[in-house]
Amino acid sequence: MEKEQVILVARKDPRQDETRFDSSLNELRSLAETAGGEVCRVAVQNRDRIHPATYIGEGKLAEIKEMADQEDVQLVIFNDELSPGQLRNITDKLERRVIDRSQLILDIFAGRARTKEGKLQVELAQLQYLLPRLAGQGTELSRLGGGIGTRGPGETKLETDRRHIQRKIDDIKRRLKIVVRQRDQYRKRRDENFAFQIAIVGYTNAGKSTFFNRVTQSDTFEEDLLFATLDPLTRQISLPSGFEALVSDTVGFIQDLPTTLIASFRSTLEEVTEADFILHMVDASHPDHIEQEKTVTKLLEDLGASHLPSLTVYNKSDLVEGDFIPHAFPSITVSVKRPADNQKIKTKIEAVLKDEWQSYDVFVHASEGKKLQSLKAQTIVTLLEFLEEKEGYIVKGYIHPQHPIRSSLQS
């Protein structure tokens, strides 16, 4: 299938950091490719301020129109979120489809959501994004097209009826509340059983799904694309000591995620705040990995999850040229494609937990099989020795300070 030809447009503020700008533009290119487009030209304008009516200058717009006519390009993508007025004016001037970064991301999310909740959240974000942009858009927003930026929330002529959209938004919010309630019940059950939850977070395409699949023998979508995973998946794993934990793969983070999406994906991202441990995956081979790391750290702070014990995994070490210096502590540098490295990550998680948890040293009689089992599965056991004369075991290890069985262990 022939890919849709695309022109990218970006405004560079002269005060903006060069690396940050390049990174953002490269990300837009990756997003366009992930959505199935092929970037044939990139237009950049150095400009102090955004033009209130057309975002960039009239002269630059005329230049882009000429470029699009020459290359026969029908889609132009802007690197920032455009206001409804700007979108309308630019579309009139360029006489072809125009979308912005936010709509492009929403489009990718629409194509990737798998679960009922994921689909509802994307649809909600799309409708909230569309609502203020309806006036004067003509049939463009009937969302029946087949290209990038047209995978919309249904086939209704959205522009004809704002009330229809508002009703749909209210309906989705109501349905999402039910899904969130079900999730809360699941969390309650998990907490009662004191299941330990590890959340894998990181920038999109850092290798989270690859690690998740390898350690859980799972088959979630794993591809070298942005936003391969949208819906959080949870599986059980055993750490080297026998300690059992639940591990969740979460949606990839990105610079300048559309605000409607952050709001819609709140419950997905809140999985992270419910976790007991955060595994932050970083693509060490990416030229802008420090900026990406900061983006994720900032988002974790915003979510109120920065206090949780964590381990930063610098992944793709096989693609790193020269020496690599980690920025975070504690951290480990690996390639999750190597089975031995995944084992190292699990061992390192236990090492971090031992620093956080309380040590214990107890005697468990041979008749207390249930207690012995729960110590093996729910704590990090470092010594298990059978004493024949006492008919029982000496058990040493580390336990979560809030664990319900802690009170029955005298350190």
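Every heavy atom of this structure was used, including side-chain atoms; hydrogens, water molecules and symmetry mates were not.
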Interatomic distance, [X] atom [atom1] to [Y] atom [atom2] [nearest 0.5 angstrom]:
{"X": "His164", "Y": "Gln166", "atom1": "NE2", "atom2": "CD", "value": "11.5 Å"}
{"X": "Ile50", "Y": "Leu82", "atom1": "CD1", "atom2": "CG", "value": "9.0 Å"}
{"X": "Asp92", "Y": "Thr54", "atom1": "CG", "atom2": "OG1", "value": "11.5 Å"}
{"X": "Ile332", "Y": "Ser317", "atom1": "CD1", "atom2": "OG", "value": "9.5 Å"}
{"X": "Ile198", "Y": "Leu308", "atom1": "CD1", "atom2": "CG", "value": "12.0 Å"}
{"X": "Gln5", "Y": "Glu71", "atom1": "CD", "atom2": "CD", "value": "7.5 Å"}

Within the structure provided, determine whether [X] and [Y] are in side-chain contact (heavy-atom separation under 4.5 Å).
{"X": "Glu291", "Y": "Asp17", "answer": "no"}
{"X": "Phe21", "Y": "Val44", "answer": "yes"}
{"X": "Lys93", "Y": "Lys65", "answer": "no"}
{"X": "Ile405", "Y": "Leu375", "answer": "yes"}
{"X": "Gln292", "Y": "Val282", "answer": "no"}
{"X": "Leu25", "Y": "Lys12", "answer": "no"}
{"X": "Val201", "Y": "Leu299", "answer": "no"}
{"X": "Leu384", "Y": "Leu372", "answer": "yes"}

Audit row: Ile169, Lys173, side-chain contact (heavy atoms from CB on, under 4.5 Å) steps and yes/no: CA-CA 6 Å; Ile169 287 174; Lys173 282 183 173 170; 4.0 Å; yes
Keeping [X] on the side-chain end and [Y] on the backbone end, is there a donor-acceptor pair under 3.5 Å?
{"X": "Arg47", "Y": "Arg11", "value": "no"}
{"X": "Thr91", "Y": "Leu87", "value": "yes"}
{"X": "Lys208", "Y": "Tyr203", "value": "yes"}
{"X": "Asp361", "Y": "Lys396", "value": "no"}
{"X": "Ser23", "Y": "Thr19", "value": "no"}
{"X": "Glu350", "Y": "Ser241", "value": "yes"}
{"X": "Tyr398", "Y": "Thr382", "value": "no"}
{"X": "Tyr314", "Y": "Ile325", "value": "no"}

Ile7 vs Met67, side-chain contact (heavy atoms from CB on, under 4.5 Å): CA-CA, chis, key distance, verdict: CA-CA 9 Å; Ile7 291 175; Met67 208 186 277; 4.2 Å; yes
Measure across [X] and [Y] and return the closest heavy-atom pair with its distance rounded to 0.1 Å.
{"X": "Ala195", "Y": "Asp276", "result": "O-OD2, 3.7 Å"}
{"X": "Ser209", "Y": "Asp249", "result": "OG-OD2, 2.8 Å"}
{"X": "Val296", "Y": "Gly202", "result": "CG2-C, 3.8 Å"}
{"X": "Gln197", "Y": "Ser248", "result": "NE2-OG, 2.5 Å"}
{"X": "Asp48", "Y": "Asp13", "result": "O-OD2, 3.7 Å"}
{"X": "Thr273", "Y": "Leu303", "result": "CG2-O, 3.1 Å"}

Between [Y] and [X], does any NZ, NE, NH1 or NH2 come within less than 4.0 Å of an OD or OE carboxylate oxygen?
{"X": "Arg338", "Y": "Asp341", "result": "yes"}
{"X": "Arg97", "Y": "Glu4", "result": "yes"}
{"X": "Asp69", "Y": "Arg96", "result": "yes"}
{"X": "Asp171", "Y": "Arg167", "result": "no"}
{"X": "Asp170", "Y": "Arg174", "result": "no"}
{"X": "Asp302", "Y": "Lys298", "result": "yes"}

Residue pair Glu63, Lys60: steps toward the salt bridge (Lys or Arg N to Asp or Glu O under 4.0 Å) verdict: CA-CA 5 Å; Glu63 201 182 296; Lys60 195 69 176 176; 3.3 Å; yes
Evaluation steps, side-chain contact (heavy atoms from CB on, under 4.5 Å), between Glu123 and Lys168: CA-CA 10 Å; Glu123 189 172 346; Lys168 212 160 166 43; 3.2 Å; yes
Among Asn315, Asp318, Thr210, Asn342, the one residue meeting side-chain hydrogen bond (donor to acceptor under 3.5 Å, both in side chains) with Ser335: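 For Ser335, the side-chain hydrogen bond (donor to acceptor under 3.5 Å, both in side chains) test succeeds with only one of Asn315, Asp318, Thr210, Asn342, which is Asp318.
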His289-Phe324 aromatic ring centre distance below 6.0 Å: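 Between His289 and Phe324, the centre distance is under 6.0 Å.
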Stepwise side chain to side chain donor-acceptor pair (under 3.5 Å) test for His403 and Gln378: CA-CA 9 Å; His403 200 293; Gln378 296 176 36; 2.7 Å; yes
Candidate pair Tyr360 and Thr379, rule side chain to side chain donor-acceptor pair (under 3.5 Å), full reasoning: CA-CA 10 Å; Tyr360 69 85; Thr379 76; 2.8 Å; yes
Stepwise side-chain contact (heavy atoms from CB on, under 4.5 Å) test for Leu279 and Ile349: CA-CA 8 Å; Leu279 201 66; Ile349 292 171; 3.9 Å; yes
Criterion side chain to side chain donor-acceptor pair (under 3.5 Å) on Gln236 and Glu244, from CA distance to verdict: CA-CA 7 Å; Gln236 190 165 26; Glu244 285 173 6; 3.2 Å; yes
Whether Phe277 and Phe196 hold their rings parallel, tilted or perpendicular, with breakpoints at 30° and 60°: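 Tilted.
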